[in-house]
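Within every chain, numbering begins at 1; the chains are lettered A, B, ... in the order of the sequence lines, protein sequences first and strands thereafter.
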Amino acid sequence: MKKNKLSCKDDNEGGFFLLVSKLLLPTLREVPAEAEVVSHQLLVRAGFIRKSAAGVYTLLPLAWRVVKKIENIIREEMDSRDGQEIMMPIIQPAELWQESGRWDVYGPELFRFKDRHGRDFCLGPTHEEIITDLVRGEVRSYKQLPLLLYQIQNKYRDERRPRFGLMRGREFIMKDLYSFDRDEDGLEITYQKMFDAYTRIFSRCGLRFRPVEADSGAIGGSDTHEFMVLAESGEAVVVYCPSDSCGYAANDEKAESPVEIEVGQQDQRPLSRVETPGTRTVEQVTEFLGISPKKLIKTIFYQTEKGLVAALVRGDRDINEVKLKKEVGSLELELANPQRVEEVTGSSVGFVGPIGIKDTLLVVDQEVAGLVNAVAGANQVDNHLVDINPGRDFSLDRTADIRLVKAGDPCPLCGKALLEARGIEVGQVFKLGTKYSSALNAVYSDQNGQELPIVMGCYGIGVTRTMAASIEQNNDENGIVWPVSIAPYQVVVIPVNIKNIDQQTMASRVYNKLLATGIEAVMDDRDERPGVKFKDADLVGYPVRVTVGGKAVSSGMLEVSIRKKGDIEMIAEDEIVRMISDFINKESS
RNA sequence: CGGGAUGUAGCGCAGUUUGGCUAGCGCGCCUGCCUUGGGAGCAGGAGGCCGGGGGUUCGAAUCCCUCCAUCCCGACCA
């Protein structure tokens, strides 16, 4: 065995593997074909992750270090707000899920399996059932509340479509904290505490993000905010008010906007039918009739487990399916197929309207309800009805806000035109209320000896997703640009020519000084040409690079470059540790 | 789950249309020489159930059937 000639810490003393020659850091020159988004490409190319199955990855040493750094930031913020860390099982018995009612409603996303005795289990996608079961057994008195428990754990969701590497995996690491309070006031305090903690956590991780109002979805509950990392590759759309003093921001699934009211009262004219040959789209109809899309009623049919639903929005609007689903109270909601539409309307898509359809629940958007002398399909091919008046010509029994808010719509708080952006959801805070405590009978006795359901909240952070989101925001054409706070290592030391004894000695000396100061550094001791090591350093994204070449040996001045800035500074050897620690302290404060 | 695409060496790809000898190229890997400030050069070498199964054929990476996997676009979620 050739012994490495460098005199720095290696596995022989202290168990450290800080030499790049010994690190499992398989960088690739070419972009992997299956990676689409930049975080996925760079994670694979820079040697951070490898795929095991769709949506399932091994985290290699550097990725694992980043994850641990993010986790530790989370731990500090949770612990300082009275969170207590526990570890709950991944394997969960079906009985608990049946008790909460979610075994039947969670659907195919739940990884289900049987043990050898044929008993049903699942891999935990979330832990409300387990934690509520724990707490109902252990908490009896108001004196034990509030109680905040959290864990950082693998979670499993058999996603319809795993995507974008770590962004949407089927196995992923998540922090989830569950809060247990005596009442709504207590929950409000805890919710605010967690909201603040999340703001701290994502700031400390060096992310540009925005908390937005959101829909609570399958988990249930009332108030909820999502923390969105702003990035083009984000799967969510958020709308927000340009005014800082207003601050309104919401997921587009949740966003609201004031009803637009037509100015100038008109008299209701009698309903009549006109021929509109070949006009199936909003554009075609409005052009043919010479009207604004705002006068058109768009009728969209949805199939739900509760039957067929016809949703009505104005021609210039889109339907917000989340709002519609909520209004109908259905679990399943998808566009009805054309044949089904023909059965109910006697017509075909493009000429359907709300008048004269049977066996269908009519849900009318507020804006449609306010229209006068509007236009819609006549349920007869090549025909439309004009001068339709909602309420007179069809029922307004189910009128609701079911439209999708978009950029340019007025802010519901201050009226300014809203803006739109894409975001990656890295965290969400929920007020659950008593949904799970009631279902699972988690109760406590108050001062008067009265039994009350515990009031719950839950607060999640996608840890592995946060790592990916950080790369989405922090990269350039050469690779990753880690924020110091979560970088796998803070510094890489590169001797230009490893066979030059003077460079080697100087590099080792500097490297050991950095380690002695507690700075996390690696030494690229590989016998590679300098270009290879520079390229890899940029790709991996170390915040600081120290280069030791011939000039350094002769002048005593080392080259320090900051990845984020890209420029090079010459620093005297005596100054280098102080300079780098100053930089690290400044960046991570 | 619907729509589209792709599976050939560790990675990136060609070859498939029109079946034909021993399946190619670049990168990476191993050995040696040489080189050392932005992914060098020369020489030699290893590495393939051409996604699986079935069929057609004298003969299949190539044609047909079928299954599987992966990726992308739409409905769910941290």
Side-chain angles (χ1 to χ4, degrees), chain A residues 26-37 40 44-45 47 50-56 106-110 125-127 152-176 198 214-219 224 226-229 235-236 251 253 302-303 319 321-322 324-325 331-335 337 423-430 458-469 478-479 494-500 503 526-539 545 547-552 559 561 566 568:
Chain A
T27 55
L28 304 173
R29 292 192 188 211
E30 284 168 290
V31 179
E34 63 178 35
E36 181 73 8
V37 298
H40 187 192
V44 175
R45 202 154 91 77
R50 286 295 183 264
K51 186 173 66 178
S52 167
V56 182
Y106 211 94
E109 252 177 50
L110 193 59
T126 176
H127 283 70
I152 300 174
Q153 167 71 285
N154 278 5
K155 302 251 171 173
Y156 297 84
R157 290 182 195 170
D158 196 356
E159 290 282 348
R160 276 176 171 143
R161 187 178 155 203
R163 219 189 322 202
F164 299 158
L166 294 188
M167 208 78 90
R168 176 176 299 278
R170 293 193 292 176
E171 177 180 75
F172 54 96
I173 301 173
M174 185 172 151
K175 184 282 305 187
D176 49 333
Y198 276 38
D215 180 76
S216 57
I219 294 183
T224 174
E226 290 168 338
F227 285 76
M228 294 287 191
V229 167
E235 296 178 271
N251 189 314
E253 294 174 345
Y302 286 94
Q303 188 68 56
I319 290 176
E321 293 183 3
V322 173
L324 178 62
K325 207 164 165 178
L331 294 169
E332 306 284 335
L333 181 119
E334 56 186 39
L335 279 178
N337 61 44
I424 302 162
E425 184 195 343
V426 289
Q428 186 161 15
V429 291
F430 285 97
C458 80
Y459 316 84
I461 291 178
V463 176
T464 33
R465 183 184 277 186
T466 297
M467 171 163 69
N478 293 315
I494 300 181
V496 168
N497 181 356
I498 199 69
K499 288 182 175 152
N500 179 300
Q503 292 180 24
R526 292 175 301 168
D527 183 14
E528 290 283 357
R529 295 171 60 82
V532 173
K533 296 196 265 195
F534 293 148
K535 287 285 184 191
D536 269 355
D538 289 347
L539 182 59
R545 187 183 87 198
T547 310
V548 183
K551 281 172 283 180
E559 198 178 290
S561 90
I568 287 165

J.: Could you tell me whether the side chain of M174(A) reaches within less than 4.5 Å of the side chain of R465(A), counting heavy atoms only?
T.: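 A side-chain contact is absent here, since even the closest heavy-atom pair is not under 4.5 Å.
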J.: Mind checking the P distance from rA61(B) to rC68(B)? Whole angstroms is fine.
T.: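 Going atom to atom, P in each nucleotide, I get 24 Å.
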J.: Where the side chain of R157(A) meets the backbone of E171(A), is there a donor-acceptor pair that is under 3.5 Å apart?
T.: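 Side chain of R157(A) to backbone of E171(A): no pair is present.
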J.: How far does the P atom of rA40(B) sit from the matching atom of rC21(B), given to the nearest Å?
T.: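 These two P atoms come out 37 Å apart once rounded.
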J.: Going by purine N1 to pyrimidine N3 plus the second Watson-Crick contact, or the G-U wobble pair, all under 3.5 Å, which nucleotide sits opposite rG74(B)?
T.: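 When the pairing criteria are applied, rC1(B) turns out to be the nucleotide that pairs with rG74(B).
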J.: For residues I173(A) and T464(A), report the shortest heavy-atom separation together with the two atoms involved.
T.: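 Residues I173(A) and T464(A), closest heavy atoms: N-OG1, 3.1 Å.
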J.: Treat primed atoms plus P, OP1 and OP2 as sugar-phosphate and everything else as base, then score nucleotides 69-74 of chain B 5' to 3': B for base contact with protein heavy atoms under 4.0 Å, S for sugar-phosphate contact only, - for none.
T.: -SSSBB
J.: Taking atom C1' of rA9(B) as reference, at what distance in whole Å does atom CD of E30(A) sit?
T.: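 For the pair E30(A) CD and rA9(B) C1', the rounded distance is 14 Å.
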J.: Check whether any side-chain N or O of R170(A) sits under 3.5 Å from a backbone N or O of A53(A) as a donor-acceptor pair, and report yes or no.
T.: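 No; judged by distance alone, with no hydrogens or angles, the pair does not exist.
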J.: When the P atoms of rA9(B) and rC49(B) are considered, how many whole Å apart are they?
T.: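 These two P atoms come out 8 Å apart once rounded.
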J.: When the P atoms of rA14(B) and rC30(B) are considered, how many whole Å apart are they?
T.: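 Rounded to whole Å, the distance is 27 Å.
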J.: Counting only N and O atoms by type, is there a donor-acceptor contact under 3.5 Å from the side chain of T27(A) to the main-chain atoms of R45(A)?
T.: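 Here the side-chain-to-backbone pair does not exist.
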J.: Once each nucleotide of nucleotides 33-49 of chain B is scored for protein heavy atoms under 4.0 Å, what B/S/- sequence comes out, 5' to 3'?
T.: --BBBBBB---------
J.: Please give the distance between the P atoms of rG52(B) and rG7(B) as a whole number of Å.
T.: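 Comparing P positions in rG52(B) and rG7(B) gives a spacing of 13 Å.
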J.: Is there a side-chain contact between R526(A) and K533(A), using heavy atoms and a 4.5 Å cut-off?
T.: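 In contact.
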J.: Under a 3.5 Å limit for both distances, which nucleotide forms a Watson-Crick or G-U wobble pair with rU6(B), could you say?
T.: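 rU6(B) is paired with rA69(B).
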J.: When the C1' atoms of rG45(B) and rG37(B) are compared, how many Å lie between them, rounded to an integer?
T.: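 Straight-line distance between the two C1' atoms is 31 Å.
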J.: Expressed in whole Å, how much space separates the C1' atoms belonging to rU57(B) and rU62(B)?
T.: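 rU57(B) and rU62(B) have their C1' atoms separated by 13 Å.
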J.: Grab the CD-C1' distance between E235(A) and rA78(B) for me, whole Å please.
T.: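 Atom-to-atom, E235(A) to rA78(B), this comes out as 11 Å.
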J.: Output yes when a side-chain donor or acceptor of Y198(A) lies under 3.5 Å from a complementary backbone atom of G460(A), and no otherwise.
T.: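 Side chain of Y198(A) to backbone of G460(A), a donor-acceptor pair under 3.5 Å: yes, one is there.
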J.: Under 3.5 Å, side chain of Q503(A) to main-chain N/O of P495(A), donor-acceptor pair present?
T.: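 It does not hold such a pair.
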